[in-house]
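Report on the following structure.
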Amino acid sequence: MNAADQEAIERATKRFGELIAGELERIERVRQDGTPKDYTKLDHITIGILPGDGIGPTIVGQAVRVLECLLADQIESGRVELRHIEGLTIERRAALGESLPQDVLDAALECDVLLKGPLTTPRPGDPYPNLVSANSLLRRGLDLFVGMRPIRMADKGIDWTFFRENLEGEYIWGDKGIQVNDDLAVDFKVCTLPGTERLARMALNYARANGKTTVTVITKANIVKHADGNFQQIICDVAEREYPDITVQTRLVDATAAKLMDPDFNKDFQVIVLPNLYGDIVTDIAAEHQGGLGSAASANLGSQHALFEAIHGTAPTLAEQGLSPWANPCSVIRAAGLLVGHIGFPERRAKLEQALDICCDTERRVVMGFGDGPTSTDFTDYLIETIQKLG
């Protein structure tokens, strides 16, 4: 080994030690996490609105109309407030050189829950600085440790709820990997005991509260022995100690991706728990089977805050071609429904889901086109009319 290689090892070792020290400090903060907020007992609930980039302002605007319909009495009484938060556009972030400006994070922290449009994360070749994901920074800043994504396909008898670990795994140090030298780059995967335990309890509580009997843990524990192995074992241990009424089964992520729609493979799927990266991939696959990324929504949950969003991107091609008014708003409208249920109105969320089934599947009186058919506004008019008819 030459002197340059030895120097590279010493730099990498020092950097790795710094990362470990920071993670041990974060673990202590997780252990001190407070009692989860009970929204049903709040006198005032602030819903922050983050429009996003690309088609975001269009579809979020329609979702806000649905919120105003579903929560009309709560808004009129002053118990619920819709608060628009500006300043998170890619243009402003690029100009500041900041992925998540501090004033936006401060405004988000003042809200109880947030409804967010898609945000641009620059890629190589984009006309923006190589900023890290604002989505990831929001999750970290608000300590949103669970990504919950429901997938429903009534014709196939599928009603799945995915619980994705949101803060650890491969993404927590996604921008902190080590370029040891020109020949060697190293990234990391993180699994912590308290981080996985709180994910397990949220998924298992959901299963119990919703009459589910089986939780499936998906990993690559046969190969990734420590991070994935610990993740799987921690969830099994929590279930055995605290939820003896829930059966926990395990699956490998590659087999799950390949056989997700195989009835023999998925017959016991109800609540599904995954580490960060696998959760990102598998829930996108499931959303495609449901009807595309535009059909799915996501809830990012913590003990004190929650953020609700579509799982698709900003659709820059649509925006650049002036087709944003025809963008499908259903994903972020479903996210608004998750928000309404989360703050204590599950029956209103159920009414929205019923109206979406009518508008998107059974009646389909307004079918959106591109550029010459009904617009997002037309569809939302139809949806709100349907909600109101349901009483």
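Note that the numbering runs from 1 along the sequence shown for the chain. Computation of the quantities below employed the complete heavy-atom set of this structure, encompassing side-chain atoms and omitting hydrogens, waters and symmetry-equivalent molecules.
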- Using a strict cut-off of less than 4.0 Å between a Lys/Arg side-chain nitrogen and an Asp/Glu carboxylate oxygen, indicate whether E7 and R11 qualify as a salt bridge. yes
- Note on the structure: Closest non-hydrogen atoms of F145 and G302, given as atom of the first, atom of the second and distance, are CE2-CA, 3.7 Å
- Message: Using modelled atom types and a 3.5 Å cut-off, is there a donor and acceptor pairing between side-chain atoms of D159 and backbone atoms of R152?
- Response: no
- If we only count heavy atoms from C-beta on, is the M148 to L338 side-chain gap below 4.5 Å? yes
- Query: Between F269 and L260, is any pair of side-chain heavy atoms under 4.5 Å apart?
  - Reply: yes
- At what distance, to the nearest 0.5 angstrom, does CD1 of I234 lie from SG of C191? 4.5 Å
- Those residues that, when tested against T219, pass side-chain hydrogen bond (donor to acceptor under 3.5 Å, both in side chains) (two or more places apart): Q232
- Message: So for atom CD, which belongs to E81, do other residues, nucleotides or ligands contribute more than 12 heavy atoms lying within a distance under 6.0 Å?
- Response: yes
- Message: To the nearest 0.5 Å, what is the distance between CG on L144 and CG on L307?
- Response: 6.0 Å
- Query: Are there more than 12 heavy atoms of other residues, nucleotides or ligands under 6.0 Å from atom CG of D38?
  - Reply: yes
- Is a donor on one side and an acceptor on the other found under 3.5 Å between the side chain of Q74 and the backbone of E76? no
- Item | Carboxylate-amine/guanidinium contact R92 E98, below 4.0 Å | no
- Message: Please check this pair: side chain of D126 against backbone of Y128, looking for a donor-acceptor N/O pair closer than 3.5 Å.
- Response: no
- Query: Between the main-chain N or O of T192 and the side-chain N or O of E168, is there a donor-acceptor pair closer than 3.5 Å?
  - Reply: yes
- Message: Which label fits F16 and W173: parallel for a plane angle under 30°, tilted from 30 to 60°, or perpendicular past 60°?
- Response: perpendicular
- Query: Between D143 and Q304, do the side chains contain an N or O donor and an N or O acceptor separated by less than 3.5 Å?
  - Reply: no
- Task: Decide whether R149 and T283 meet the rule of one side-chain donor and one side-chain acceptor closer than 3.5 Å.
- Result: yes
- Tightest non-hydrogen contact, residues G48 and C111, listed as CA-SG, 3.6 Å
- Message: With rounding to the nearest 0.5 angstrom, report the CD to CG distance, E197 to L193.
- Response: 4.0 Å
- Task: Give a yes or no answer on whether the side chain of D378 reaches the backbone of T375 with a donor-acceptor pair at less than 3.5 Å.
- Result: yes
- Task: Using a cut-off of 6.0 Å, state whether more than 12 heavy atoms not belonging to R123 lie near its atom CZ.
- Result: no
- Message: Please determine whether residues L119 and I90 belong to a single hydrophobic cluster, defined as Ile, Leu, Val, Met, Phe, Trp and Tyr linked transitively by side-chain heavy-atom distances below 4.5 Å.
- Response: no
- Task: Could you tell me which non-hydrogen atom of A287 sits nearest to which non-hydrogen atom of A296, and how far apart they are?
- Result: CB-CB, 3.7 Å
- Start with the C-alpha distance between R26 and I172, add both sets of side-chain angles, then the distance that settles side chain to side chain contact (heavy atoms under 4.5 Å, CB included), and finish with yes or no. CA-CA 11 Å; R26 188 185 72 86; I172 187 170; 3.4 Å; yes
- Query: After noting the C-alpha distance and the side-chain angles of L71 and I47, does the key distance pass the side chain to side chain contact (heavy atoms under 4.5 Å, CB included) rule?
  - Reply: CA-CA 11 Å; L71 299 173; I47 302 173; 3.9 Å; yes
- Message: Let me check something: do V146 and L115 share a hydrophobic cluster, defined by ILVMFWY side-chain heavy atoms less than 4.5 Å apart, either directly or through other members?
- Response: yes
- Task: Might you work through the side chain to side chain contact (heavy atoms under 4.5 Å, CB included) test for W326 and T58, ending with a clear yes or no?
- Result: CA-CA 9 Å; W326 288 270; T58 295; over 6 Å; no
- Residue pairs meeting ring-ring contact (aromatic ring centres under 6.0 Å, His included), one or both in residues 203-232, sequence neighbours left out, come to F163-Y206
- Message: One thing to verify: whether E385 and R365 come together as a salt bridge, which I'm taking to mean a side-chain N less than 4.0 angstrom from a carboxylate O.
- Response: yes
- With sequence neighbours left out, write down each residue that passes side-chain hydrogen bond (donor to acceptor under 3.5 Å, both in side chains) with T216, or none if nothing qualifies. Q249
- Query: Applying the 4.5 Å side-chain criterion to the ILVMFWY set and letting contacts propagate, would L274 and F265 be lumped into a single cluster?
  - Reply: yes
- Message: A side-chain contact here means heavy atoms from C-beta on lying under 4.5 Å apart; do D53 and T89 qualify?
- Response: yes
- Item | L356 side chain reached by L383 side chain, heavy atoms, under 4.5 Å | yes
- Side-chain heavy atoms under 4.5 angstrom apart, residues restricted to Ile, Leu, Val, Met, Phe, Trp, Tyr: same cluster for V186 and V132? no
- Check: M368 and S376 side chains under 4.5 Å, non-hydrogen atoms: yes
- Message: Measuring only between side-chain heavy atoms, which start at C-beta, is S136 closer than 4.5 Å to T121?
- Response: no
- Message: I'd like to know if the side chain of Q62 pairs up with that of R65 as donor and acceptor (distance under 3.5 Å, no hydrogens or angles considered).
- Response: yes
- Query: Would you call K259 and D264 a salt bridge, using N to O less than 4.0 angstrom?
  - Reply: no
- Contact summary for G177 and F188, nearest pair of heavy atoms: CA-CE1, 4.2 Å
- Message: Can you give me the closest heavy-atom contact between P122 and L131, atom names plus distance?
- Response: CD-O, 3.8 Å
- Task: Give the cluster check for Y278 versus V190: same hydrophobic cluster or not, with ILVMFWY residues linked at side-chain heavy-atom distances below 4.5 Å.
- Result: no
- Message: Tell me if the CD atom of E347 is crowded by more than 12 foreign heavy atoms within 6.0 Å.
- Response: yes
- Message: Quick one, R164 with N166, criterion side chain to side chain contact (heavy atoms under 4.5 Å, CB included). Give me CA distance, side-chain angles, the key distance, then yes/no.
- Response: CA-CA 6 Å; R164 166 193 173 190; N166 236 3; 4.1 Å; yes
- Please round to the nearest 0.5 Å and tell me the distance separating atom CD of E309 and atom CG of N300. 5.0 Å
- So, do L50 and V104 sit near enough that their side-chain heavy atoms are less than 4.5 Å apart? yes
- Query: Atom CG of L70 and atom CZ of R348: how far apart are they, to the nearest 0.5 Å?
  - Reply: 8.0 Å
- Interatomic distance, CG@N266 vs CZ@R251, rounded to 0.5 Å, equals 9.5 Å
- Does the side chain of V238 come within less than 4.5 Å of I235's, by heavy atoms? no
- Query: Does a side chain donor of either D33 or S303 reach within less than 3.5 Å of an acceptor in the other side chain?
  - Reply: yes
- Item | Heavy atoms from other residues, nucleotides or ligands near CG of D43 exceed 12 (cutoff 6.0 Å) | no
- Can R140 be said to sit on top of Y171's aromatic six-ring, NZ or CZ under 6.0 Å from centre and within 45° of the ring axis? no
- Note on the structure: What one should report as the nearest heavy-atom pair of T40 and G344 is CG2-CA, 4.0 Å
- Message: Quick check against the 3.5 Å criterion: does N205 have a side-chain atom that pairs as donor or acceptor with the backbone of R201?
- Response: yes
